[in-house]
Protein chains: 2
Amino acid sequence: MLMRLATAIKKRSTEELMGLKLRQLMLLSHLSSGGAPALQQHLCEALWLDPNNCVLLLNELEDLGYIERRRDPADRRRHVVELTEDGRTALERAQRAQESLGDEIFAALSDEERATLRSLLSRAQV
Amino acid sequence: MLMRLATAIKKRSTEELMGLKLRQLMLLSHLSSGGAPALQQHLCEALWLDPNNCVLLLNELEDLGYIERRRDPADRRRHVVELTEDGRTALERAQRAQESLGDEIFAALSDEERATLRSLLSRAQV
DNA sequence: TATTGTTATACTCTATAACTATA
DNA sequence: TATAGTTATAGAGTATAACAATA
């Protein structure tokens, strides 16, 4: 059931609607919610991306001007990734689109029920 | 969050574990829950598969001996799809595997909470 | 002519392995 | 030598369009 729902969300989360691909949104969103100023690339495996997919995804986002990569001075093998202003703007637009999609999909649920759903899902062991 | 969880489930639903690919499981499961003896292929769009993907998926399952396709005598353009005994066995095995995976993932939730989750998800408008 | 199912084909996504540079 | 990041490449998965048989 969960998979069915996820498929539906994916199909409806088109790039035209959000201005971003779903994976791009997920990475930007993770970057942003990390709170801290920057992140090591390896933390992008929090999103279950192989290192190579990670690179490709970051390349796309860098080409779009939504992130910046800098070498970590402490260990010049590492990259520090940072959200740009444009990136934050794009992220916010995509998040609004996602929210309104969520509103459609969960229209039958009250605010309280949605909160319950979120809370239950967040307790899943991934 | 939903997408994250779905990704995790997908990654963990390996073919070795279930004996079936996830999409194969979804189709067999849909066939089986249809209750009725047979189904027209077009109903496989209930799973959001393009007609061509549908054919390919059914080919795989037919090669495995898990389904049978017959022409509909009433309209010989149509195919009627039916689950075989082998198919039912494979489906049951895969469903058991999925259940135990579900048990792991939702270990933190009580039976009642899981029921609540199912009920909330089932009310989503896809 | 329209519809069901199929095939051919290409495009995106994801995975594997080899390579570069730093440590 | 080991690790972070990258590149090359191949394999799934998915989508588009043309085609055959039947209506």
Side-chain angles (χ1 to χ4, degrees), chain A residues 3-4 6-28 30-31 38-64 67-82 126, chain B residues 3-4 6-28 31 38-64 67-82:
Chain A
M3 299 312 287
R4 257 178 79 89
T7 308
I9 294 174
K10 198 172 168 191
K11 294 246 166 163
R12 294 179 61 176
S13 299
T14 59
E15 198 170 348
E16 304 85 65
L17 187 67
M18 302 196 304
L20 280 176
K21 294 184 188 170
L22 200 50
R23 254 174 331 129
Q24 294 173 338
L25 165 60
M26 288 177 75
L27 195 140
L28 291 187
H30 191 266
L31 249 186
L39 277 189
Q40 313 217 359
Q41 206 143 327
H42 250 189
L43 298 188
C44 129
E45 273 141 31
L47 297 165
W48 303 296
L49 292 165
D50 321 25
N52 93 74
N53 286 325
C54 194
V55 168
L56 297 174
L57 184 50
L58 289 172
N59 285 349
E60 289 173 22
L61 290 168
E62 198 170 39
D63 288 348
L64 289 166
I67 60 159
E68 277 176 9
R69 275 189 273 201
R70 296 193 314 275
R71 291 278 173 192
D72 178 351
D75 179 345
R76 293 186 37 72
R77 289 174 305 183
R78 289 188 162 88
H79 270 165
V80 173
V81 181
E82 203 164 5
V126 291
Chain B
M3 298 313 286
R4 257 179 79 91
T7 308
I9 293 176
K10 197 172 167 190
K11 294 246 165 159
R12 293 179 61 176
S13 299
T14 59
E15 198 171 347
E16 304 84 65
L17 187 66
M18 303 197 303
L20 281 175
K21 294 182 187 171
L22 200 50
R23 256 173 329 128
Q24 295 174 338
L25 166 60
M26 288 178 76
L27 194 140
L28 291 186
L31 250 186
L39 276 191
Q40 313 215 2
Q41 205 143 327
H42 250 188
L43 298 189
C44 129
E45 272 141 33
L47 297 164
W48 302 296
L49 292 165
D50 322 25
N52 92 73
N53 287 324
C54 194
V55 168
L56 297 175
L57 183 50
L58 289 172
N59 285 350
E60 290 174 21
L61 290 168
E62 200 171 38
D63 288 347
L64 290 166
I67 61 158
E68 277 176 7
R69 272 188 275 202
R70 296 193 313 277
R71 290 280 173 192
D72 179 351
D75 179 345
R76 293 186 38 71
R77 288 175 305 185
R78 288 189 163 88
H79 269 166
V80 173
V81 181
E82 204 165 4

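Quantities reported herein were computed from a predicted structural model and do not represent experimental measurements. Throughout, protein chains are lettered first and strands after them, A, B, ... in sequence-line order, and every chain is numbered starting at 1.
Between the CD atom of A/Glu45 and the P atom of C/dA15 there is a distance of 12 Å, given to the nearest Å. Between the C1' atom of D/dT7 and the CG atom of A/Leu57 lies a distance of 16 Å, rounded to the nearest Å. As a whole-Å value, the separation of A/Asn53 CG from C/dA17 P is 15 Å. What separates CH2 of B/Trp48 from P of D/dG13 is a distance of 19 Å, to the nearest Å. With rounding to whole Å, B/Leu27 atom CG is found 13 Å from D/dT14 atom P. At whole-Å resolution of the value, CG in A/Leu22 and P in D/dG13 are 19 Å apart. As a whole-Å value, the separation of A/Glu62 CD from D/dG5 C1' is 13 Å. Summarising the geometry, the separation between CG on A/Asp63 and C1' on D/dT6 is reported as 14 Å, rounded to the nearest angstrom.
Closest approach to the A/Arg23 side chain among C/dA15, D/dT22, C/dC13 is made by C/dC13 (side chain taken as heavy atoms from C-beta onward). In this structure, of D/dA15, D/dG5, D/dA21, it is D/dA15 that holds the atom nearest to the side chain of A/Lys11. When distances run from any side-chain atom of A/Asn52 to the nucleotides D/dG13, C/dA15, C/dT4, the shortest one goes to C/dA15. When each of D/dT7, C/dG5, C/dT16 is scored by its nearest atom to the side-chain atoms of A/Val55, the top-ranked nucleotide is D/dT7. Out of D/dT7, C/dA15, D/dT22, the shortest distance to the side chain of A/Asn59 is found at D/dT7. For A/Asp75, counting side-chain heavy atoms from C-beta on, the closest listed nucleotide (C/dA23, C/dA8, C/dG5) is C/dA23. Comparing C/dA15, D/dG13, D/dT16 against the side chain of A/Asp50 picks out C/dA15 as the nearest.
Contact check, A/Arg69 against D/dT6: a side-chain N or O comes under 4.0 Å of OP1 or OP2. For the OP1/OP2 pair of D/dT3 and a distance below 4.0 Å, the side-chain nitrogens and oxygens of A/Arg76 include no atom meeting the criterion.
Judged by distance alone, with hydrogens and angles left aside, the side-chain atoms of A/Asp50 form no donor-acceptor pair with the main-chain N or O of A/Asn52 at under 3.5 Å.
For A/Glu60 and A/Asp72, each mapped to the nucleotide of DNA chain C holding its nearest heavy atom, the one lying further toward the 5' end belongs to A/Glu60. Annotation: of the two residues near DNA chain D, A/Leu56 and A/Lys10, the 5′-most nearest-nucleotide partner is A/Leu56. Two residues, A/Pro73 and B/Arg78, neighbour DNA chain C, and the one matched to the more 5' nucleotide by heavy-atom proximity is B/Arg78.
Counting heavy-atom neighbours within 6.0 Å of B/Glu62 CD, excluding the residue itself, gives a total above 12. Heavy atoms from other residues, nucleotides or ligands lying under 6.0 Å from CZ of B/Arg12 number more than 12. Atom CD of A/Glu68 has 12 or fewer heavy atoms from other residues, nucleotides or ligands within 6.0 Å.
Within the 4.5 Å cutoff, side-chain heavy atoms of A/Leu58 are placed close to those of A/Leu27. When side chains are defined from C-beta on, B/Arg71 counts as touching B/His79, because their heavy atoms get closer than 4.5 Å.
Donor-acceptor pairing under 3.5 Å, judged by distance alone, is present between the side chain of A/Arg77 and the base of D/dT3.
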